[in-house]
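So the structure is just underneath, and the comments pick up after that.
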Amino acid sequence: MLVAARRAKLEALRRELSMEPYGRRVDGLMTLADARAKFREEAHAAHEKDPSSDSRESAKVAGRVMQHRDLGKLVFLWLRDSSGDLQVSVSKSQVAPPVWELAKRLDYGDWVVAEGPVGRTQKGEVCIWARSVEIHAKSLSPPPEKFHGLHDPELRYRRRYVDMYANPETVRTFSLRSRIVSSVRRFMERSGFMEVETPMMQPVAGGAAARPFVTHHNALGIPLFLRVAPELYLKRLLVGGLPRVFEINRNFRNEGVDRSHNPEFTMMEAYEAFGDCWSMLELTESLVHELAREIAEAGASAGTSAGALGSAGAGANSGAGSKSTHLPFGELSIDYSRPFRRVRYGELFEQCFGFPMEDAAKVRAEAQRRHVPDAARKDHWLLVDHLFEEHAEKFVDKAKPTFITDYPAAISPLTRPNPASPHLAERWDLFIGGMEIGPAYTELNDPDVQLAKFTEQLAGIDDEAKTFRTVDEDFLEALRVGMPPAGGLGLGIDRLVMLLANQPSIRDVILFPLMRPQ
RNA sequence: GAUUGCGUAGCUCAGUCGGCAGAGCAGCGGACUUUUAAUCCGCAGGUCCUGGGUUCGAUUCCCAGCGCAAUCACCA
């Protein structure tokens, strides 16, 4: 019925005012922030003193009506665009009659173009004193509450387009995400990596143990999987001779949804020929540190998160000394200064349980004491991993980015073992704020070892997993052609944005998170 | 998938120990040439998530379902 009222207005605009409520191209627009910046107190004062002369600068702007106050012969409109808010004041005595009629009838949510000199009101509010006002899109949908905005998370995700205009911090978060992705890209390019795009629809889903989404290609009559990782294709590129490659794109995993998991999510994977997990550690540490510094500095210099956006990209390469690299994340203040903490898997394990992870008898006893299912029969290293993830991971200081290194080789089947201690793998995992941000590996490049590990892995899976987990023969063939030794990295971009933008849920950093259809 | 919580007007939220459903904002009509969540007068607005049960009577209690959230499980 609010919709009916708006439809009636729409028709009235056409019928009574001969105005078309859905407009066309408009040239010469400036942002509301730029229009506001055109205000000069001297020009305003001079015009107040002598209305016949006017040195105020004129501005033409477009925005969505956020407030509409009708005082009789004076109408105040608040417009919003992506740069901010600005008031447009419409005086009956200063505009043509149809413009005045329109101004009185505008609704919260309408898109409007206004033009006039930039001045201010008696109360000091900088505004455009309208000479003209045009409607360019009528909003037929009832708007959210103007003061509280849209709070209900379900509505915010389902109607993101409303969330975005009602809650400006939403737009700020996604602008920040865009900047972060852009910075990651520039950092990788500067470091000599080439960006590539590899298949998202794969005949064999490889590169991670996740359950894939299945689809079907009609013309070829074959099943296809949405990729769970780009890994096996990026490695083919190393075989082909590219020395450093990265890809920032979506992966799809057919698994649960929670605060840090969305079925489709963005990851950066990078591979460096003749590198190893330690060269990737250097790279990751300086990337994450630089991102955090950029954001901390932008925030500090602007004072507000809104300002941080305004100065986008500004302080990136300032090379400034020991500026604060703390960023808030919920209750935490995370310290991104270098170097990040490094702790060996085994050390953390021993610190937590009081005995080394190699002590098979104690591990089994501990597992039984803590009621790990199947503790009597399970493989030693699976028990270690279970205990570690349940208890030891919590020993990591959430406020300090931490690389956990030297994972047991037995739970890292596709990673090259450490030559000095073969029961350890050349692999690390970065944890920040209690979240796993990404792993890195020294990659296997011996095709025979790779095949053996694939086969071994496939032996242990259940029937359901067999439907989608098969050996990628073409990948093995590529390894036989010869892949240089390499370091590989996977970085969860959504989670990184959560941390840097201080958003507790992955749904707040994905524009359209998956929701059950209604 | 499990457990717990929530679901009331377009929005933000009250409320009913089981007895005719409430406010603010938004909307509609009116007043107002300097508002800042404008103000003032008046009006209208509901499948109390859905279905079943108990009851003289259910938005309220019970059961089931749906949606969302949190926690857990799954997630090299």
Side-chain angles (χ1 to χ4, degrees), chain A residues 1-9 48 65-78 85 87-94 100 104-105 107-109 119-127 129 139-159 162-163 166-167 206-212 228-229 231 251-263 265 373 381-382 385 388-390 407-415 425 427 429 436 438-441 453 457 460-461 464-465 469 488 490 492 504-505 507 513 515-518:
Chain A
M1 149 195 0
L2 281 77
V3 176
R6 286 177 173 232
R7 283 205 172 270
K9 282 192 191 180
E48 288 286 289
V65 176
M66 295 304 291
Q67 304 253 356
H68 181 255
R69 295 194 195 105
D70 180 350
L71 272 67
K73 297 193 178 64
L74 193 62
V75 169
F76 295 114
L77 302 170
W78 269 101
D85 293 353
Q87 182 173 298
V88 171
S89 306
V90 188
S91 165
K92 187 180 184 186
S93 61
Q94 287 170 33
W100 175 247
K104 286 189 87 84
R105 297 182 193 196
D107 284 317
Y108 179 20
R120 64 168 171 80
T121 65
Q122 287 173 12
K123 295 283 171 64
E125 187 70 43
V126 172
C127 67
W129 282 102
S139 178
L140 295 175
S141 176
E145 212 264 0
K146 71 179 177 189
F147 183 64
H148 296 94
L150 198 61
H151 263 203
D152 181 351
E154 181 173 356
L155 284 177
R156 291 186 51 224
Y157 303 142
R158 287 191 194 277
R159 309 192 69 210
V162 176
D163 176 37
N167 302 312
R211 183 177 304 146
V228 294
E231 170 163 345
N251 294 310
F252 309 86
R253 297 188 179 178
N254 206 340
E255 279 147 12
V257 176
D258 64 30
R259 226 163 29 143
S260 56
H261 296 264
N262 194 61
F265 64 101
W381 289 109
L382 288 180
D385 193 38
F388 185 87
E389 291 201 353
E390 268 318 76
Y407 275 67
I411 56 168
S412 314
L414 301 188
T415 310
R427 162 191 173 190
D429 229 317
E436 182 190 357
Y441 306 90
K453 299 229 171 187
Q457 225 190 1
I461 64 176
E464 198 239 338
R469 221 162 280 170
S505 168
R507 294 183 195 97
M515 302 290 276
R516 211 178 284 268
Q518 282 188 314

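Numbered from 1 within each chain, the chains take letters A, B, ... in sequence-line order.
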Quiz item: If you check every side-chain atom of A:H148, which of B:U36, B:A76, B:A37 has the closest atom?
Solution: B:A37
Self-check item: Sequence-distant partners of A:D385, side-chain contact (heavy atoms from CB on, under 4.5 Å), two or more places apart
Solution: A:Y345, A:E389, A:I411
Quiz prompt | Base-contact (B) and sugar-phosphate-only (S) positions in nucleotides 26-31 of chain B, heavy-atom cut-off under 4.0 Å, - elsewhere | solution = BSS---
Exercise. For A:W381, report the nucleic acid contact type (base, sugar-phosphate, nothing); a contact means any heavy atom under 4.0 Å.
Key: nothing
Quiz prompt | Any residue meeting side chain to side chain donor-acceptor pair (under 3.5 Å) with A:N254, in chain and number order, not counting sequence neighbours | solution = none
Practice problem: Check side-chain contact (heavy atoms from CB on, under 4.5 Å) between A:S412 and all other residues, then give those that pass, not counting sequence neighbours. | Solution: A:Y407, A:T415, A:A425, A:R427
Practice problem: Heavy atoms under 4.0 Å is the rule here; annotate nucleotides 68-75 of chain B 5' to 3' with B where the base is hit, S where only the sugar-phosphate is, and - elsewhere. | Solution: SSSS-SBB
Exercise. Tell me, please, which residues at least two apart from A:H261 pass side-chain contact (heavy atoms from CB on, under 4.5 Å).
Key: A:D258, A:R495
Quiz prompt | Residues which pass salt bridge (charged side-chain N to carboxylate O under 4.0 Å, His left out) with A:R469, listed by chain and number, not counting sequence neighbours | solution = none
Quiz item: For A:R253, which residues count as a salt bridge (charged side-chain N to carboxylate O under 4.0 Å, His left out) partner, sequence neighbours excluded?
Solution: none
Self-check item: side chain to side chain donor-acceptor pair (under 3.5 Å) against A:S505, all qualifying residues, sequence neighbours excluded
Solution: none
Exercise. With sequence neighbours left out, write down each residue that passes side chain to side chain donor-acceptor pair (under 3.5 Å) with A:R259, or none if nothing qualifies.
Key: none
Practice problem: Sequence neighbours left out, what passes side chain to side chain donor-acceptor pair (under 3.5 Å) with A:H148? Give chain and number order. | Solution: A:E145
Would you tabulate the nitrogen or oxygen pairs shorter than 3.5 Å linking the protein to nucleotides 2-5 of chain B?
none

Practice problem: Once you apply the 3.5 Å cut-off to both distances, tell me the Watson-Crick or G-U wobble partner of B:A31, or none. | Solution: B:U39
